[in-house]
Amino acid sequence: MDTAREPHAGKAPARGRVAVRARQLVREPFTARTWRQAAYALLAVPVGLAAVPVALLGGRAAAGRRQRDLVGRFLGVRLPGSSPGVLHALLALPLNLAVAALTLYGWSIVPMNIGWPLRGGDPATSWGGPTFAGAWVFHAVLGGIGFLLLMPWLGRALAALQLRLATALLARP
């Protein structure tokens with residue numbers, strides 16, 4: 001078979017690429033990478049807050065090392081350097097707080113909306129109402145499954161921001 005004459009030689013058919021993307025979209029909430037990034041989003045705040053007094057009490061090297069270890073363990077990037085990390089702890093605090101809040105809120109929406117009937121409320125006035133089934137389906141599909149599929153990608157973007165800041169401030173001599 002002469003592949004040079006085939007118009008799409010070496011390329012997967014469009015339908016196959018769509019299937020691969022769909023599979024990736026559905027699997028992403030259940031990958032270790034997604035949960036490591038979520039863990040980093042939640043742990044960056046307390047580790048950063050603890051780094052400031054540790055550094056002020058003489059543990060400057062340990063404060064920076066703990067923050068670099070956190071990045072390495074949860075974001076998978078080993079940062080070289082020996083900077084004390086106080087600057088990172090202070091400058092990254094607003095970003096880390098916002099990322100932690102978004103992560104907690106976004107992931108809490110998933111079970112909250114899938115379990116919508118457990119929250120109570122009047123289906124007649126709820127989105128998807130006036131029937132109970134309509135309100136539950138609306139909340140479960142858009143709020144539950146929708147956020148389940150969205151949160152890994154939002155987490156990936158937020159982790160990239162945190163990693164960029166950590167690299168700029170922690171990977172220095």
K.L.:
State the CD-CG distance between Gln162 and Leu95, to the nearest 0.5 angstrom.
P.N.:
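Separation between the atoms: 5.5 Å.
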K.L.:
Roughly how far apart are Arg68 CZ and Arg65 CZ, rounded to 0.5 Å?
P.N.:
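CZ of Arg65 is found 8.0 Å from CZ of Arg68.
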K.L.:
CG of Leu148 to CD1 of Ile109: how many Å apart, nearest 0.5 Å?
P.N.:
12.0 Å
K.L.:
With rounding to the nearest 0.5 Å, note down the distance linking CD in Gln37 to CG in Leu163.
P.N.:
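Gln37 CD to Leu163 CG: 9.5 Å, rounded to 0.5 Å.
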K.L.:
Is Tyr105 reachable from Leu150 through a run of hydrophobic residues whose side-chain heavy atoms are each under 4.5 Å from the next?
P.N.:
yes
K.L.:
Tell me whether Leu87 shares a hydrophobic cluster with Leu93, the cluster being built from Ile, Leu, Val, Met, Phe, Trp, Tyr side chains joined at under 4.5 Å.
P.N.:
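Looking at the clustering, Leu93 is in a separate group from Leu87.
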K.L.:
Looking at Arg21, I'd like to know if its CZ atom is crowded, meaning that more than 12 non-hydrogen atoms belonging to other residues, nucleotides or ligands lie closer than 6.0 Å.
P.N.:
no
K.L.:
Under 4.5 Å between side-chain heavy atoms, hopping through other hydrophobics if needed: is there a path connecting Leu161 to Leu102?
P.N.:
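Linked within one cluster.
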K.L.:
If you compare all heavy atoms of Val71 against all heavy atoms of Ala166, which two are closest, and at what distance to 0.1 Å?
P.N.:
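Closest heavy-atom pair between Val71 and Ala166: CG2-CB, 3.9 Å.
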K.L.:
Given the rule that I, L, V, M, F, W and Y join up when any side-chain heavy atoms are under 4.5 Å apart, are Leu158 and Phe147 in one cluster?
P.N.:
yes
K.L.:
For Asn113 and Gly144, work out which heavy atoms get closest and say how close.
P.N.:
CB-N, 3.5 Å
K.L.:
Could you pull out the closest heavy-atom pair between Val45 and Ala100, with the gap in Å?
P.N.:
CG2-CB, 4.1 Å
K.L.:
Would you name the heavy atoms of Val52 and Ala89 that are closest together and state the gap between them?
P.N.:
CG2-CB, 3.9 Å
K.L.:
Walk me through it: do Arg119 and Trp116 pass the test side-chain contact (heavy atoms from CB on, under 4.5 Å)?
P.N.:
CA-CA 5 Å; Arg119 294 187 333 199; Trp116 178 82; 3.0 Å; yes
K.L.:
In Å and rounded to the nearest 0.5 Å, what is the CD to CG distance from Gln67 to Leu170?
P.N.:
5.5 Å
K.L.:
Charged N to carboxylate O under 4.0 angstrom, Glu28 versus Arg156?
P.N.:
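Yes.
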K.L.:
Using 30° and 60° as the class limits, which term best fits the ring planes of Trp107 and Trp35: parallel, tilted or perpendicular?
P.N.:
tilted
K.L.:
Are the side chains of Leu149 and Pro29 in contact, using a 4.5 Å heavy-atom criterion?
P.N.:
yes
K.L.:
Measure across Pro46 and Leu43 and return the closest heavy-atom pair with its distance rounded to 0.1 Å.
P.N.:
CD-O, 3.2 Å
K.L.:
My understanding is that only one of Leu169, Thr167, Asp69 makes a side chain to side chain contact (heavy atoms under 4.5 Å, CB included) with Leu79; could you say which?
P.N.:
Thr167
K.L.:
Step through the shown structure and confirm whether more than 12 heavy atoms of other residues, nucleotides or ligands are within 6.0 Å of CH2 on Trp136.
P.N.:
no
K.L.:
Is it the case that one hydrophobic cluster holds both Leu49 and Leu165, taking links as side-chain heavy atoms less than 4.5 Å apart, direct or via other members?
P.N.:
no
K.L.:
Strictly distance-based, threshold 3.5 Å: is any side-chain N or O of Ser108 a donor or acceptor partner for the main-chain N or O of Leu104?
P.N.:
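Yes, the answer is positive, given that a donor and an acceptor are paired below the 3.5 Å cut-off.
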K.L.:
Out of curiosity, Leu154 CG to Thr103 OG1, how far, rounded to the nearest 0.5 Å?
P.N.:
7.0 Å
